[in-house]
Amino acid sequence: MYSFIHGILCDRKGGDIFTCFGLFHICFILFVFAVTAVVCVLIKNKSANVKEKTCNAFISIAFGLYIADFFLMPFAYEEIDIEKLPFHICTAMCVMCFLSRHTRLFGKYRINFALLGFISNLVYLIYPAGVMWHAVHPFTYRVIQTLLFHGIMTAYGFLTIVFNREGLSFKKCHRELAVLVGMTLWALLGNLLYTGSAGKYSADFNWFFVTQDPFGLIDKNIAVFIMPFLNIAIFFAVEMLIYLIYFAVKRIIPTEKKAGD
């Protein structure tokens, strides 16, 4: 049974390979955008309960894909990839977005987790370098699972930003900083615990890029002191840009809340 499943899920390197901005990649991005747009149109004038259930469905699917991946990785890669622990921003935000919809403790940060999840997953969806480096066929588990996960997380983040009852508020933008600081501390903990571990997992994972500059512009010896603060500053700036776009669109296109909800 193991050999049979492994044959289905394993990396295939013969023939066409997945490339960033190749035909398969571009079509998948357009597919994600199209599905998100269609869902927005379909639920735009529905009740708040329908919008909530739709967002719940998206994050539940994303969370299910993430958990299922740990059970399927041994079949696909003959190991469980420790780098997929939730210390990267994409996977961590999946967990936090799910918890924010099912626990009171994180509930008030629902839109903040969704915004950070939207930004990080959209970036990876557009430039999935980690998949490209493996040079595998587009129709393999590695490619499809990764793109599908990030695509659903992108759609969830957008839908939550658009249809969340509270919406974004500059008066509460300090919560974005709180989430970013928490994410940075969490990633630092992950790097501290797992980097240099025995056996094959001896590399620096650099979760959330808090220990090294991914572009190699900052010297490794000082990057660990700069990157945590630089990441917070960059992501917060991007979030504030989305705030500006959000309120600009609201001024141009009045919300349907009064009519539909």
Side-chain angles (χ1 to χ4, degrees), residues 1-29 31-32 35 56-99 101-102 117 120-157 186-187 189-191 193-209 214:
M1 180 60 74
Y2 177 89
S3 298
F4 174 74
I5 300 176
H6 174 68
I8 296 174
L9 301 180
C10 67
D11 290 342
R12 288 191 288 127
K13 296 181 178 288
D16 295 332
I17 62 171
F18 174 83
T19 56
C20 288
F21 308 117
L23 180 61
F24 178 86
H25 184 209
I26 292 174
C27 288
F28 194 92
I29 293 174
F31 172 74
V32 171
V35 169
N56 283 340
F58 270 81
I59 192 58
S60 295
I61 294 171
F63 186 72
L65 283 173
Y66 178 60
I67 297 300
D69 192 34
F70 284 95
F71 292 90
L72 294 176
M73 277 190 281
F75 295 104
Y77 319 133
E78 299 181 325
E79 64 177 2
I80 293 179
D81 187 357
I82 199 171
E83 192 169 3
K84 287 204 171 183
L85 289 173
F87 293 106
H88 267 312
I89 188 170
C90 296
T91 51
M93 286 306 104
C94 174
V95 175
M96 298 314 297
C97 285
F98 183 81
L99 291 177
R101 289 191 167 270
H102 297 282
S120 58
N121 282 278
L122 176 61
V123 170
Y124 196 89
L125 177 67
I126 293 174
Y127 189 68
V131 176
M132 179 183 65
W133 292 334
H134 288 279
V136 296
H137 195 280
F139 291 101
T140 56
Y141 174 77
R142 185 187 296 276
V143 174
I144 294 174
Q145 191 278 338
T146 304
L147 293 184
L148 192 59
F149 171 81
H150 288 86
I152 293 173
M153 282 298 301
T154 299
Y156 166 78
W186 178 243
L189 176 64
N191 282 286
L193 291 175
Y194 289 95
T195 296
S197 53
K200 66 196 320 182
Y201 300 117
S202 58
D204 185 350
F205 293 104
N206 195 24
W207 280 303
F208 194 34
F209 310 116

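All values derive from a computational prediction rather than experimental measurement. Just so you know, residue 1 is the first one in the sequence shown, and it goes up from there.
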| request: Might you work through the ring-ring contact (aromatic ring centres under 6.0 Å, His included) test for His137 and Phe18, ending with a clear yes or no? | output: CA-CA 5 Å; His137 195 280; Phe18 174 83; over 10 Å; no

| task | For side-chain contact (heavy atoms from CB on, under 4.5 Å), just list the numbers for Phe149 and Asp69, CA-CA rounded to whole Å, side-chain angles, deciding distance to a tenth of an Å, and then say yes or no. | result | CA-CA 10 Å; Phe149 171 81; Asp69 192 34; over 6 Å; no

| request: Given side-chain contact (heavy atoms from CB on, under 4.5 Å), test Phe98 with Tyr66 step by step and report yes or no. | output: CA-CA 11 Å; Phe98 183 81; Tyr66 178 60; over 6 Å; no

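Checking each of Thr146, Ile152, Leu72 against Leu65 for a side chain to side chain contact (heavy atoms under 4.5 Å, CB included) leaves exactly one that passes, namely Ile152.
Contact of the Cys20 side chain with the Pro128 side chain is registered, since non-hydrogen atoms from C-beta on lie closer than 4.5 Å. Side-chain contact between Val136 and Ile17: absent, with no pair of heavy atoms (C-beta onward) separated by less than 4.5 Å. The shortest distance between side-chain heavy atoms of Asn191 and Phe87 does not fall below 4.5 Å. Between Leu147 and Phe24 the shortest side-chain heavy-atom distance falls below 4.5 Å. At least one side-chain heavy atom of Ile59 sits under 4.5 Å from a side-chain heavy atom of Met153. Looking at heavy atoms from C-beta onward, Phe63 lies out of side-chain contact with His102 at the 4.5 angstrom threshold. Using a 4.5 Å heavy-atom threshold, the side chains of Phe28 and Ile144 count as separate.
Side-chain N or O atoms of His25 include one that pairs as donor or acceptor with a backbone N or O of Leu125 at under 3.5 Å. One N or O on the side chain of Trp186 and one on the backbone of Pro86 form a donor-acceptor pair closer than 3.5 Å.
Atom CD1 in Ile29 sits 9.5 Å away from atom OG1 in Thr154 (nearest 0.5 Å). For the atom pair Thr140 OG1 and Gln145 CD, the distance stands at 10.5 Å (nearest 0.5 Å). For the atom pair CD1 (Ile61) and SG (Cys94), the distance works out to 11.5 Å, reported to the nearest 0.5 Å. With rounding to the nearest 0.5 Å, the separation of CG in Leu99 from CZ in Arg101 is 12.5 Å.
In Phe70, the CZ atom is crowded: over 12 heavy atoms of neighbouring residues, nucleotides or ligands sit closer than 6.0 Å. Within 6.0 Å of OH in Tyr2 there are more than 12 heavy atoms belonging to other residues, nucleotides or ligands.
Using cut-offs of 30° and 60° on the angle between ring planes, the pair Trp207 and His88 is perpendicular. A perpendicular orientation is assigned to the rings of Phe205 and Tyr194, their planes being inclined by more than 60° (bins at 30° and 60°).
Proximity of the aromatic rings of Phe75 and His6 is defined here by a centroid distance below 6.0 angstrom, and this criterion is not met.
Remark: Asp11 pairs with Arg142 by the salt bridge (Lys or Arg N to Asp or Glu O under 4.0 Å) rule, at least two apart or across chains.
For Arg12 and Tyr141, the side-chain atoms include no donor-acceptor pair closer than 3.5 Å.
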